[in-house]
Protein chains: 2
Amino acid sequence: MALRHALLAALLDRELSGYQLSKLFDLGASSFWHASSQQLYAELGKLEADGLLTGHEVVQQGRPNKRVFALTDAGRDELTRFTGAPTKPTSIRDDLMVKAYAEQAADPDTLIKQLEDRAAQSRAKAEFLAAQLEKLRGDKPEADFLASADNVGPYLAGTRGKMYHDDQAEWCEWAAAILRHRTTS
Amino acid sequence: MALRHALLAALLDRELSGYQLSKLFDLGASSFWHASSQQLYAELGKLEADGLLTGHEVVQQGRPNKRVFALTDAGRDELTRFTGAPTKPTSIRDDLMVKAYAEQAADPDTLIKQLEDRAAQSRAKAEFLAAQLEKLRGDKPEADFLASADNVGPYLAGTRGKMYHDDQAEWCEWAAAILRHRTTS
DNA sequence: TATGATTAGTCAAGAAATTGAGTAGTGGGA
DNA sequence: TCCCACTACTCAATTTCTTGACTAATCATA
């Protein structure tokens with residue numbers, strides 16, 4: 001029920017092809033939602049059937065043709081409805097937290113490695129998102145951009161994504177340090 | 001594939017009934033994983049069938065009988081394997097981030113209300129988790145507890161949960177303030 | 001004395017997400 | 001010149017998760 005709205009949101013101020021959307025929703029790059037390409041194309045089909053967006057074939061030379069999707073008025077209305085409707089908080093479901101919880105059953109060294117690897121991944125992703133944010137706000141200071149820009153949504157969402165990954169990296173390193181300390185003493 | 005391990009982790013140092021587990025994995029109270037009771041009971045059945053845990057009927061007076069589950073050696077081994085195996089990072093999928101991203105299509109006032117409501121929920125949950133952490137560490141300072149306690153896993157996971165909700169609340173309030181400022185100017 | 005909350009679950013239907021493989025053309029590097 | 005990566009998708013099977021309803025007893029409250 002929510003990938004629908006994530007797709008509509010991504011198409012709010014531009015047209016994108018299925019493939020471009022699949023890059024935007026990629027696990028390693030998405031700032032606000034993730035989905036596999038298979039899931040995306042399936043959902044795009046449903047959204048088109050429901051009249052929330054329209055697809056146009058674009059003929060290309062030198063590479064496969066693509067279908068570019070755009071929001072319809074109905075799609076925009078649906079997004080407006082969605083943003084105003086209460087939804088229940090998204091639940092936490094993180095495999096790393098399960099691993100940390102199960103620390104007693106874990107081999108300390110491999111668990112520490114898991115945490116350090118994830119810390120590195122999150123650091124990289126936080127940096128990537130920081131670069132995206134910088135690009136979005138251009139040369140303005142953040143406060144000016146947020147006060148005056150005409151589309152701040154992606155910036156708000158990107159900021160949350162960056163916070164998440166900064167925290168994740170920090171926590172992973174903190175937890176790894178504690179476990180390391182416990183094994184050496 | 002991961003609810004399995006979350007359940008095994010929860011049963012690592014104690015026996016719990018399905019109902020107790022359903023409270024632990026409740027959306028409003030879970031610090032490290034969430035699942036509905038239906039999903040839980042289904043998964044508990046599979047885990048028992050796979051020999052990763054055993055259930056014992058406990059007869060009670062004055063209330064329905066219950067089944068209490070305990071880890072088997074195979075279950076503990078599976079947890080050890082899981083904690084050492086690399087897993088891909090959990091993806092971000094948060095309805096609020098989608099709503100923020102779609103700010104352009106949103107009615108400002110209702111979106112602001114959504115953000116403020118969620119901020120309040122996250123504040124409450126962060127407080128709840130803070131109380132749990134305090135209970136876990138007893139009267140010791142955190143550093144002493146983490147260095148000397150025999151089961152720090154739940155504390156590590158709970159800390160991440162608290163960070164998540166502290167951040168969520170902070171971001172929601174920040175985003176709401178920006179949107180409010182943009183509507184009044 | 002009826003009403004709702006709490007304990008302790010079960011059943012079934014459907015939607016959402018994952019896993020794994022496959023197609024087919026183009027461009028670039030060893 | 002061969003192989004790999006990239007663009008741009010599709011198909012099928014399976015697992016996971018959600019939604020909504022239902023049973024049935026006890027306890028506290030109004």
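Remember, it's a predicted structure, so these values are computed and weren't measured experimentally. Chain letters run A, B, ... following the sequence lines, proteins first and then strands; every chain starts at 1.
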Exercise. Looking at C:dG25, does its base get a donor-acceptor pair with the side chain of A:Q60 below 3.5 Å?
Worked result: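 Absent.
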Problem set entry | Closest approach of A:E103 to B:G153 (non-hydrogen atoms, all atoms of both residues) |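 Residues A:E103 and B:G153, closest heavy atoms: OE1-N, 3.6 Å.
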Exercise. What heavy-atom pair brings A:W33 and A:A2 nearest, and what distance separates the two atoms?
Worked result: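 Distance-wise, the nearest heavy atoms are CH2-CB, 3.5 Å.
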For this session: Under 4.0 Å from any atom of DNA chain D, heavy atoms only: list the residues of residues 12-28 of chain B that qualify, in numerical order.
Result: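 Close to the strand, none.
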Between [atom2] on [N] and [atom1] on [X], what's the gap in Å once rounded to a whole number?
{"X": "B:F69", "N": "C:dA8", "atom1": "CZ", "atom2": "P", "result": "13 Å"}
{"X": "A:L40", "N": "D:dT10", "atom1": "CG", "atom2": "C1'", "result": "13 Å"}
{"X": "A:Y41", "N": "D:dA8", "atom1": "OH", "atom2": "P", "result": "8 Å"}
{"X": "A:R4", "N": "C:dA17", "atom1": "CZ", "atom2": "P", "result": "12 Å"}
{"X": "A:N65", "N": "D:dA8", "atom1": "CG", "atom2": "P", "result": "9 Å"}
{"X": "B:D95", "N": "D:dT18", "atom1": "CG", "atom2": "P", "result": "12 Å"}
{"X": "B:L44", "N": "C:dA8", "atom1": "CG", "atom2": "P", "result": "14 Å"}

Is the shortest distance from a Lys or Arg side-chain nitrogen in [X] or [Y] to a carboxylate oxygen in the other one below 4.0 Å?
{"X": "B:R67", "Y": "B:E48", "answer": "yes"}
{"X": "A:K162", "Y": "A:D166", "answer": "yes"}
{"X": "A:E173", "Y": "A:R118", "answer": "no"}

State which of [options] makes the closest approach to the side chain of [X].
{"X": "B:L3", "options": "C:dT19, D:dC17, C:dA8", "result": "D:dC17"}
{"X": "A:H34", "options": "C:dT18, D:dA8, C:dG9", "result": "C:dT18"}
{"X": "B:K88", "options": "C:dG9, D:dC17, C:dT19", "result": "C:dT19"}
{"X": "B:Q38", "options": "D:dA8, D:dC17, C:dT10", "result": "C:dT10"}

For this session: Would you classify A:R93 as touching base, sugar-phosphate or nothing, given that sugar-phosphate means primed atoms plus P, OP1 and OP2, and contacts are heavy atoms under 4.0 Å?
Result: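 Sugar-phosphate contact only.
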Exercise. Across the strands shown, which category fits B:E43 at heavy-atom distances under 4.0 angstrom: base, sugar-phosphate, nothing?
Worked result: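 Since no nucleic acid heavy atom lies under 4.0 Å of B:E43, the category is nothing.
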Exercise. Does any donor atom in the side chain of B:E78 or B:H5 lie under 3.5 Å from an acceptor atom in the other side chain?
Worked result: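 Judged by distance alone, the side chains do pair up.
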For this session: Between A:S37 and A:S91, name the one whose nearest nucleotide on DNA chain D is closer to the 5' end.
Result: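 The residue whose closest nucleotide sits nearer the 5' end is A:S37.
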Exercise. Does the side chain of A:T87 come within less than 4.5 Å of B:L96's, by heavy atoms?
Worked result: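 They are not in contact (no side-chain heavy atoms under 4.5 Å apart), so the answer is no.
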Exercise. Are B:R160 and A:Q168 close enough, and set up right, to give a side chain to side chain donor-acceptor pair (under 3.5 Å), and what steps lead you there?
Worked result: CA-CA 8 Å; B:R160 180 70 184 98; A:Q168 182 84 318; 2.7 Å; yes
Exercise. How would you list, by chain and number, every residue that makes a ring-ring contact (aromatic ring centres under 6.0 Å, His included) with B:Y155, sequence neighbours excluded?
Worked result: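 Partners of B:Y155 under the ring-ring contact (aromatic ring centres under 6.0 Å, His included) test: B:F145.
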Exercise. Is it true that atom NE2 of B:H56 has more than 12 heavy atoms of other residues, nucleotides or ligands lying nearer than 6.0 Å?
Worked result: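 Yes, because the 6.0 Å sphere around NE2 of B:H56 holds more than 12 heavy atoms from other groups.
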Name the pairs: protein N/O against N/O of nucleotides 22-27 of chain D, kept only if under 3.5 Å.
{"unit_1": "D:dT26", "atom_1": "O3'", "unit_2": "B:G62", "atom_2": "O", "d": "3.3"}

Problem set entry | Any B:Q39 side-chain nitrogen or oxygen under 4.0 Å from OP1 or OP2 of D:dT18 |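 True: B:Q39 side-chain N/O within range (under 4.0 Å) of D:dT18 OP1/OP2.
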